[in-house]
Number of protein chains: 2
Amino acid sequence: MLEWLKEPEINFPDQLQHAGFEHGVCVGQIQAKAGLTQSTVSEYLSILQRAGFIEAKRVGQWTYYKRNEGAFEALSNLIQSNL
Amino acid sequence: MLEWLKEPEINFPDQLQHAGFEHGVCVGQIQAKAGLTQSTVSEYLSILQRAGFIEAKRVGQWTYYKRNEGAFEALSNLIQSNL
DNA sequence: CAAATATATCGACTTTTCCCGATATACCAA
DNA sequence: TTGGTATATCGGGAAAAGTCGATATATTTG
């Protein structure tokens with residue numbers, strides 16, 4: 001999922017017609033591509049959010065998630081310096 | 001354990017008298033510090049070895065493990081470029 | 001070779017994680 | 001306000017990971 005969110009236009013072309021990608025990709029799109037149930041995907045995304053890897057933005061009935069690039073860089077740096 | 005192995009002299013002072021740290025730290029030393037059973041620690045170390053994070057060197061009845069720094073750098077780079 | 005020591009492997013049990021269906025909540029439209 | 005759609009949360013069963021004791025293997029020493 002994290003890799004998918006690097007290139008929303010390529011991985012979630014269906015969303016383009018409805019919303020853009022300014023706020024990220026909505027849960028339903030990710031769920032369809034993941035082939036897991038709605039509840040599972042929703043839980044995954046909230047875990048990733050709590051961990052700081054993605055950010056959520058609620059717009060109407062949709063929740064859009066997008067990557068927080070800083071978190072990945074921080075993780076990379078942490079592995080390099082602390083591990 | 002991986003952090004401990006960054007500074008064997010500091011974290012495993014007992015071993016200094018017997019062997020050096022050329023080949024790393026032996027299982028018994030790590031086990032004592034970890035506070036887990038011998039079998040658990042042995043299994044951990046073999047998992048870390050198969051994953052490439054540490055290297056094993058058998059010397060007599062002892063097995064010494066030391067970090068493979070390249071693996072950590074590779075992981076850091078992988079996160080930075082692929083994730 | 002026998003006993004002692006260090007490590008590895010095996011089988012079982014416990015804890016955690018994964019994933020689901022059911023249900024709750026939030027929002028929108030008529 | 002009623003019904004439809006999107007997402008979140010909850011409870012539970014299945015799968016995986018963690019951990020142990022017992023035992024096997026390898027090595028050294030006498």
Side-chain angles (χ1 to χ4, degrees), chain A residues 1-5 8-9 11-68 71-72 75 79 83, chain B residues 1-5 8-9 11-68 71-72 75 79 83:
Chain A
M1 293 180 193
L2 293 172
E3 289 182 352
W4 293 343
L5 290 176
E9 313 74 13
N11 293 301
F12 304 98
D14 291 0
Q15 182 173 302
L16 191 52
Q17 286 112 22
H18 314 300
F21 296 109
E22 320 80 43
H23 302 115
V25 180
C26 72
V27 180
Q29 293 287 322
I30 298 171
Q31 189 233 318
K33 189 168 176 99
L36 295 169
T37 63
Q38 187 272 323
S39 62
T40 297
V41 172
S42 176
E43 190 182 354
Y44 274 26
L45 292 170
S46 85
I47 290 170
L48 289 171
Q49 184 200 3
R50 283 197 298 278
F53 291 111
I54 58 179
E55 295 166 353
K57 167 82 175 178
R58 182 103 201 198
V59 177
Q61 36 190 344
W62 294 277
T63 304
Y64 296 93
Y65 286 98
K66 70 174 174 188
R67 289 167 56 97
N68 174 15
F72 295 94
L75 177 60
I79 287 171
L83 202 70
Chain B
M1 293 180 193
L2 294 171
E3 289 183 352
W4 293 342
L5 291 175
E9 314 74 14
N11 292 302
F12 304 99
D14 291 0
Q15 181 173 301
L16 191 52
Q17 286 112 21
H18 315 299
F21 296 109
E22 320 80 43
H23 303 115
V25 181
C26 72
V27 180
Q29 294 287 322
I30 299 172
Q31 190 232 318
K33 189 167 176 99
L36 296 168
T37 64
Q38 187 272 324
S39 62
T40 298
V41 172
S42 176
E43 191 181 354
Y44 272 27
L45 292 170
S46 85
I47 290 170
L48 289 171
Q49 184 200 5
R50 284 197 297 278
F53 290 110
I54 58 179
E55 295 166 353
K57 168 82 176 178
R58 182 103 201 197
V59 177
Q61 36 191 346
W62 293 278
T63 304
Y64 295 94
Y65 286 97
K66 70 174 175 188
R67 290 166 56 96
N68 173 15
F72 295 93
L75 177 59
I79 287 172
L83 201 69

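In what follows, every heavy atom counts, from backbone to side chain, and hydrogens, waters and symmetry copies are set aside. A quick note: this is a predicted structure, and the numbers were derived from the prediction, not measured. A note on names: the letters A, B, ... follow the listed sequences, proteins ahead of strands, and every chain is numbered from 1.
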Could you state the CD-P distance from A:E43 to D:dT9, rounded to the nearest angstrom? 9 Å

Could you check how far OH of B:Y64 sits from C1' of C:dA8, rounded to whole Å? 17 Å

Among all residues two or more places apart in sequence or in another chain, which pass the side-chain hydrogen bond (donor to acceptor under 3.5 Å, both in side chains) test with B:S39? B:T37

Using a 4.0 Å heavy-atom cut-off, does B:L36 contact any base of the nucleic acid, only the sugar-phosphate backbone, or nothing at all? sugar-phosphate

Calculate the interatomic distance between B:H23 atom NE2 and C:dA6 atom P; express it in whole Å. 18 Å

According to a strict under-4.0 Å criterion, is A:Y65 in side-chain N/O contact with OP1 or OP2 of D:dA6? no

Rounded to whole Å, please give me the gap between CE in A:M1 and P in C:dC18. 11 Å

Starting at CG of A:L48 and ending at P of D:dA8, how long is that distance when rounded to a whole Å? 12 Å

Round to the nearest Å and state the distance from B:R50 atom CZ to C:dT9 atom C1'. 11 Å

Could you list, one pair per line, each protein nitrogen or oxygen that sits under 3.5 Å from a nitrogen or oxygen of nucleotides 21-26 of chain C, together with the distance?
{"residue": "C:dG21", "atom": "N7", "partner": "A:S39", "partner atom": "OG", "Å": "3.4"}
{"residue": "C:dG21", "atom": "O6", "partner": "A:S39", "partner atom": "OG", "Å": "2.8"}

Just by distance, do the side chain of B:E55 and the backbone of B:R67 share a donor-acceptor pair under 3.5 Å? no

Set of side-chain contact (heavy atoms from CB on, under 4.5 Å) partners for A:S46, sequence neighbours left out: A:R50

Atom-to-atom span, CG of B:L45 to C1' of C:dT7 - whole angstrom: 10 Å

What is the distance, to the nearest angstrom, from the CD1 atom on A:I54 to the C1' atom on D:dA8? 14 Å

Spatial distance of atom CG (B:N68) from atom CG (B:L5) [nearest 0.5 Å]: 12.0 Å

Considering residues at least two apart in sequence or located in another chain, which fulfil the side-chain contact (heavy atoms from CB on, under 4.5 Å) criterion with B:Q49? B:I54, B:A56, B:Y65

For A:T63, answer base if it contacts any base atom (sugar-phosphate contacts may also be present), sugar-phosphate if it contacts only those atoms, and nothing otherwise; contact means non-hydrogen atoms under 4.0 Å. sugar-phosphate

For B:A51, all residues meeting side-chain contact (heavy atoms from CB on, under 4.5 Å), sequence neighbours excluded: B:F53

B:E9: what forms a side-chain contact (heavy atoms from CB on, under 4.5 Å) with it, not counting sequence neighbours? B:E7, B:F21

